[in-house]
Amino acid sequence: MAEERAQQGKPADGTESHDPDFPEAFLAFMRQGWRDTELPVGPRPEVPNYAKRRAALSTAFPGETLVIPTGGEKVRANDTDHPFRPGSDFAYLTGDHDPDSVLVLRPNGSGHDATLYMRPRSSRKTDEFFRSRHGELWVGRRHTLGEKSTELGLPTADLTELDTALADCAPGRTRVLRGFDARVDAAVRPFDGARAEGQPARDRELAIAISELKLVKDEWEIAQLQEACDATVRGFEDVARALPADRGVSERLLEGIFALRARHDGNDVGYGSIVGAGEHATILHWVHNHGATRPGELLLMDMGVENRSLYTADVTRVLPVDGRFTPLQRQVYDAVYAAQQAGIDIIKPGVAFREVHLTAMRVLAEALKDLGLLPVSVDEAMDPASTVYRRWTLHGTSHMLGIDVHDCANARKEKYRDGALGEGYVLTVEPGLYFQPEDELVPEELRGIGVRIEDDILVTATGAVNLSAGLPRRSDEVETWLAEQREAGPRLPG
């Protein structure tokens, strides 16, 4: 982070060019009369889970040093930063949420010794506590090295010692999770020129190994995902209670209502909320949210709460703004529901990940045939050499879910996209139909209709559990639920 700020012409000590030049009398006055405090910290209950993950990573790379940084704050505008969100792989291995920290695993003969390099609290013996943007008067009390070690069950060291530690890393025996910390990337040079997907091949193998560890969620992770889904259900309820049936409201109002729930019950939203009214529902990543609802049209909302442990839900629902689907809207909605249910029904250990998608897509292709849209038979449309049905389905049906909304993204294809589902996997099932307003191959009455239904599914030993089942999916149940929420009226989180 110091290098990043230096590159932007900003002092690395956390001061700003517009800071005042304080007189010595004021400085002397600020240095006295402060009572020290200790944070009442204890080991987090999930500490053993993080230790098991580090042990598994240690087993994958015996005798090698592993360096995993979290990254630093990102400048939003001049001297203001975006809210910091830890690097997912770093958080997965440590539970630490502070910026600039680096986890180093050093081989010890039988495994690895872990050290968390971190920026400790600023001592009242220096002026940093009131003059630096890192100081406690600006950002609050930070942990001491000992406090952080107690909380996370990890040995800690001052971040100022990191350069020395990295200088001692043996070439060819060190792997780095690159792209998060320029200081670390520069300090540990790649051993050879072999590259995979834009980074040194050896380092790419580290990213792959962490992603593949994340495929199977342990009991604590499943509980975190359930918590995120439950908060997301409450967020959708909040929005439904504030959605008028007889007049329009802005998409951003609905986005903000959900965001209030996300910040109150969790850390934040897990991704940019998609609130697509009317034809905006046909735009897959509609995040502008500057439109408005209209009675008689549909409202698509793709939103998820990220809980305080950084695990996120990912849920999509479509509501009829005035409370009732029209016959055509219901036909499209019911087709998507049938496709989603077909995909969920086949989920169990050993089923190919890709089969969930193909199962849902066949149901949608049959619906498109019934609507008179497919120019070929369903079998021809499903042929890999054709897939013309995708004009109206657009995207894949599933992705892994966890500490990232698109979790396990660095896993090998044979373990993920071309692999089989395993017990403890959590994935979305989210088919959709989208009829663009400009599409002249569909009847005018279909243009501008977009429907996606998305839920978060845990693979169990015997099948599947819908973690987001607290929200209804069938069209008649959606209508009943929406009426019930409106009858209950708006509420504040509490």
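Side-chain atoms are counted along with the backbone in the values below, which use heavy atoms only and exclude waters and symmetry mates. For this chain, numbers begin at 1 and follow the sequence in order.
With respect to Asp185 and Arg178, a salt bridge is recorded, a charged nitrogen being found less than 4.0 Å from a carboxylate O. Between Arg175 and Glu64 there is a salt bridge, since a side-chain N of the basic residue sits under 4.0 Å from a carboxylate O of the acidic one. Of the charged side-chain nitrogens involved, at least one lies within less than 4.0 Å of a carboxylate oxygen, so that Asp98 and Lys148 count as a salt-bridged pair. Between Arg241 and Glu487, no side-chain nitrogen of the basic residue sits less than 4.0 Å from a carboxylate oxygen of the acidic one, so the salt-bridge criterion is not met. Using a cutoff of 4.0 Å between basic side-chain nitrogens and carboxylate oxygens, Arg85 and Glu306 are scored as salt-bridged. Between Arg491 and Glu237 there is a salt bridge, since a side-chain N of the basic residue sits under 4.0 Å from a carboxylate O of the acidic one. With respect to the salt-bridge test (charged N to carboxylate O, under 4.0 angstrom), the residues Asp265 and Arg234 qualify. The pair Lys214-Asp89 meets the salt-bridge criterion, since a charged nitrogen lies less than 4.0 angstrom from a carboxylate oxygen. The pair Asp379-Arg362 meets the salt-bridge criterion, with a side-chain N (NZ, NE, NH1 or NH2) lying under 4.0 Å from an Asp/Glu carboxylate O.
Here CG of Leu152 is found 8.0 Å from OH of Tyr50. Values are rounded to the nearest 0.5 Å. Between the CD1 atom in Ile208 and the CG atom in Leu213 there is a gap of 12.0 Å [rounded to 0.5 Å]. Atoms CZ and CG, from Arg53 and Leu93 in turn, are 8.0 Å apart once rounded to the nearest 0.5 Å. The OG1 atom of Thr428 sits 11.5 Å away from the CG atom of Leu467 when rounded to the nearest 0.5 Å. Taking CZ of Arg261 as the start and OG1 of Thr232 as the end, the distance is 10.5 Å to the nearest 0.5 Å. Atom OG of Ser398 sits about 8.5 Å away from atom CZ of Arg417, to the nearest 0.5 Å.
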Worked check of salt bridge (Lys or Arg N to Asp or Glu O under 4.0 Å) between Arg44 and Asp96: CA-CA 11 Å; Arg44 292 188 194 168; Asp96 184 36; 5.8 Å; no

Worked verdict on Arg473 versus Gln341 for side chain to side chain donor-acceptor pair (under 3.5 Å): CA-CA 10 Å; Arg473 294 185 295 129; Gln341 190 60 51; 2.5 Å; yes

Stepwise ring-ring contact (aromatic ring centres under 6.0 Å, His included) check, Phe325 with Tyr333: CA-CA 9 Å; Phe325 292 99; Tyr333 185 96; 4.9 Å; yes

Residues Asp81, Arg76; criterion salt bridge (Lys or Arg N to Asp or Glu O under 4.0 Å); working and verdict: CA-CA 5 Å; Asp81 295 324; Arg76 179 182 183 276; over 6 Å; no

Stepwise salt bridge (Lys or Arg N to Asp or Glu O under 4.0 Å) test for Asp181 and Arg183: CA-CA 5 Å; Asp181 191 318; Arg183 173 186 180 183; 5.9 Å; no

Pair Thr174-Phe61, side-chain contact (heavy atoms from CB on, under 4.5 Å): steps then yes or no: CA-CA 10 Å; Thr174 301; Phe61 299 102; over 6 Å; no

Stepwise salt bridge (Lys or Arg N to Asp or Glu O under 4.0 Å) check, Arg330 with Glu479: CA-CA 11 Å; Arg330 190 183 302 274; Glu479 291 173 335; 2.6 Å; yes

Working for side-chain contact (heavy atoms from CB on, under 4.5 Å), residues Leu260 and Phe258: CA-CA 5 Å; Leu260 172 61; Phe258 186 86; over 6 Å; no

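Side-chain atoms of Arg54 never come within 3.5 Å of backbone atoms of Thr94 as a donor-acceptor pair (strictly under, hydrogens ignored). Checked by atom type and distance alone, the side chain of Glu380 pairs as donor or acceptor with a backbone atom of Ser377 at under 3.5 Å.
Checked against ring pair (Phe, Tyr, Trp, His ring centres under 6.0 Å), Tyr416 has the following partners two or more places apart in sequence or in another chain: Phe353.
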What donor-acceptor contacts under 3.5 angstrom involve side-chain atoms of residues 451-460, with partners at least two apart or in another chain?
unit_1, atom_1, unit_2, atom_2, d
Arg452, NH1, Tyr434, OH, 2.8
Arg452, NH2, Asp302, OD2, 3.1
Glu454, OE1, Thr316, OG1, 2.6
Asp455, OD1, Arg317, NH2, 2.8
Asp455, OD1, Asn466, ND2, 3.4
Asp455, OD1, Ser468, OG, 2.7
Asp455, OD2, Arg317, NH1, 3.2
Asp455, OD2, Arg317, NH2, 3.4
Asp455, OD2, Gln340, NE2, 2.8
Asp456, OD2, Asp314, N, 2.9
Thr460, OG1, Thr462, N, 3.4
Thr460, OG1, Gly463, N, 3.1
Thr460, OG1, Gly463, O, 3.4

Taking distance alone, no hydrogens or angles, what donor-acceptor pairs closer than 3.5 Å link side-chain atoms of residues 273-282 to residues at least two apart or in another chain?
unit_1, atom_1, unit_2, atom_2, d
His280, ND1, Glu251, OE2, 2.8
Thr282, OG1, Glu279, O, 2.7
Thr282, OG1, Gln436, OE1, 3.1

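Side-chain contact annotation: His395 with Glu430, donor-acceptor N/O pair under 3.5 Å absent.
Heavy-atom minimum distance, Gly450 versus Val318: O-CG2, 4.3 Å.
Other residues, nucleotides and ligands contribute more than 12 heavy atoms inside 6.0 Å of the CD atom of Glu414.
Between Leu374 and Lys369, some side-chain heavy-atom pair lies under the 4.5 Å cut-off.
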